[in-house]
Amino acid sequence: MKVLILGATGSIGRHLVPQALAQGHEVTALVRDPSKLEARHERLRIVTGDALDPAAVDAAARGQEAVIFSLGRSNHRAPTTMFSDATRILIHAMQTAGVRRLVCITGIGAGDSRGHGGFLYDRIIFPWFTKETYADKDRQEALIRESSLDWIIMRPASFTNAPQRGNLRAVTDLNNVTIRSISRADAAAFILEQLRGDRYLCKTPLVGY
């Protein structure tokens with residue numbers, strides 16, 4: 001499958017790109033700084049550009065069969081519109097190019113997943129560190145829901161650097177559910193499964209252990 005990855009040099013993207021290539025996908029990575037992308041492969045196309053530049057996103061989206069949105073940010077405490085702005089641009093580019101499948105990573109704290117990450121995350125990390133990020137991820141999710149795309153929004157639990165182990169829980173009914181963590185490697189594997197699978201089409205699974 002021909003797949004565009006936004007956020008290929010981020011903490012998840014660094015797992016997504018090699019896993020996607022290992023699975024035989026043709027990967028296009030839209031990155032601001034190509035030197036930060038370690039992977040090199042005959043099926044990897046690197047496009048220099050910004051996810052907030054409509055022309056760059058339009059060019060990268062042409063000819064794709066799916067898009068993975070895995071952009072992140074380092075400063076979670078400051079207000080932002082980066083996620084919603086980039087998503088608005090991406091949706092327009094995908095619709096123009098006729099690309100249907102969007103797999104987007106938001107996270108625990110978006111929408112009704114708020115309050116399901118355990119005491120440390122729910123009472124300390126979210127209110128003091130990630131609240132502003134998730135205010136914009138809520139706007140991002142709303143834009144995706146309102147689009148005509150075939151979308152899946154993955155909400156991973158708090159990330160770890162542990163190796164891939166599988167045995168994930170992917171939950172859409174959050175009643176009495178607490179999911180505390182997921183490795184970045186396992187998160188990437190789950191995301192790539194959604195490029196073709198329809199089990200979570202137009203759903204927002206909370207994913208972790």
Side-chain angles (χ1 to χ4, degrees), residues 5-7 10-13 15-16 66-88 90-91 101-147 149-162 164-195 197-209:
I5 299 178
L6 303 185
S11 67
I12 296 297
H15 292 273
L16 280 169
V67 178
I68 297 173
F69 187 109
S70 63
L71 291 176
R73 66 190 296 236
S74 56
N75 179 9
H76 288 285
R77 301 187 74 171
T80 185
T81 60
M82 184 269 288
F83 297 101
S84 55
D85 289 344
T87 298
R88 191 176 292 106
L90 176 62
I91 289 172
R101 178 61 59 106
L102 171 61
V103 184
C104 178
I105 307 162
T106 58
I108 190 163
D112 63 356
S113 71
R114 192 167 304 150
H116 293 274
F119 180 87
L120 176 62
Y121 184 85
D122 297 339
R123 301 294 182 88
I124 299 174
I125 295 175
F126 179 83
W128 290 100
F129 297 100
T130 63
K131 182 179 179 180
E132 294 294 345
T133 288
Y134 281 98
D136 194 43
K137 288 195 174 190
D138 283 346
R139 292 188 287 267
Q140 175 188 29
E141 288 196 358
L143 289 168
I144 294 171
R145 290 175 184 273
E146 293 164 4
S147 76
L149 301 175
D150 295 334
W151 56 267
I152 296 169
I153 296 172
M154 179 209 186
R155 294 168 170 171
S158 294
F159 288 129
T160 74
N161 290 319
Q164 188 174 344
R165 75 182 200 191
N167 297 318
L168 296 176
R169 299 169 64 197
V171 182
T172 54
D173 180 356
L174 302 185
N175 188 39
N176 295 321
V177 166
T178 298
I179 297 183
R180 291 181 171 82
S181 68
I182 184 173
S183 74
R184 290 176 172 85
D186 270 324
F190 180 88
I191 293 157
L192 291 171
E193 289 175 3
Q194 311 318 310
L195 291 176
D198 290 340
R199 179 176 180 181
Y200 299 107
L201 191 63
C202 297
K203 295 180 180 180
T204 57
L206 172 60
V207 186
Y209 308 123

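The analysis underlying the following values was restricted to heavy atoms, covering all of them including side chains, and did not include hydrogens, waters or symmetry mates.
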Within the side chain of His116, is there an N or O that forms a donor-acceptor pair under 3.5 Å with the backbone of Val177?
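A pair under 3.5 Å: yes.
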
Donor-acceptor under 3.5 Å (Thr87 side chain, Ser84 main chain):
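Judged by distance alone, no pair lies under 3.5 Å.
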
Hey, does [Y] have a side-chain heavy atom less than 4.5 Å from the side chain of [X]?
X	Y	value
Ile191	Ser70	no
Ser183	Phe159	no
Leu90	Leu102	yes
Asn167	Asp186	no
Val103	Leu195	yes
Asp198	Arg101	yes

For [X], check side-chain hydrogen bond (donor to acceptor under 3.5 Å, both in side chains) against everything at least two apart and list the hits.
X	result
Glu141	Thr106, Arg155
Arg180	none
Thr178	none

Residues, nucleotides or ligands: over 12 heavy atoms within 6.0 Å of Arg73 CZ:
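Counting other residues, nucleotides and ligands, CZ of Arg73 exceeds 12 neighbours.
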
Supply the atom-to-atom distance [X] [atom1] to [Y] [atom2], rounded to the nearest 0.5 angstrom.
X	Y	atom1	atom2	value
Leu192	Leu16	CG	CG	5.5 Å
Phe83	Ile144	CZ	CD1	11.5 Å
Lys131	His76	NZ	NE2	16.0 Å
Ile68	Ile5	CD1	CD1	4.5 Å
Ile105	Lys137	CD1	NZ	8.0 Å

Any Lys/Arg nitrogen of Arg139 or Asp85 sitting under 4.0 Å from an Asp/Glu carboxylate oxygen of the other?
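Result for this pair is no, no salt bridge flagged.
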
Under 4.0 Å between a side-chain nitrogen and a carboxylate oxygen: does that hold for Arg114 and Asp138?
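Result for this pair is yes, salt bridge flagged.
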
Taking every non-hydrogen atom, the tightest pair across [X] and [Y]:
X	Y	value
Arg145	Thr204	NH2-CG2, 3.4 Å
Arg169	Tyr209	CD-C, 3.8 Å
Pro156	Ile182	CB-CG2, 3.9 Å
Ser181	Ala157	N-CB, 3.5 Å
Ile152	Tyr200	CG1-O, 3.3 Å
Phe126	Gly109	CE1-O, 3.8 Å

Of the options Leu206, Leu168, Leu174, which is the one that meets Ile179 in a side chain to side chain contact (heavy atoms under 4.5 Å, CB included)?
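The residue from Leu206, Leu168, Leu174 that satisfies side chain to side chain contact (heavy atoms under 4.5 Å, CB included) with Ile179 turns out to be Leu206.
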
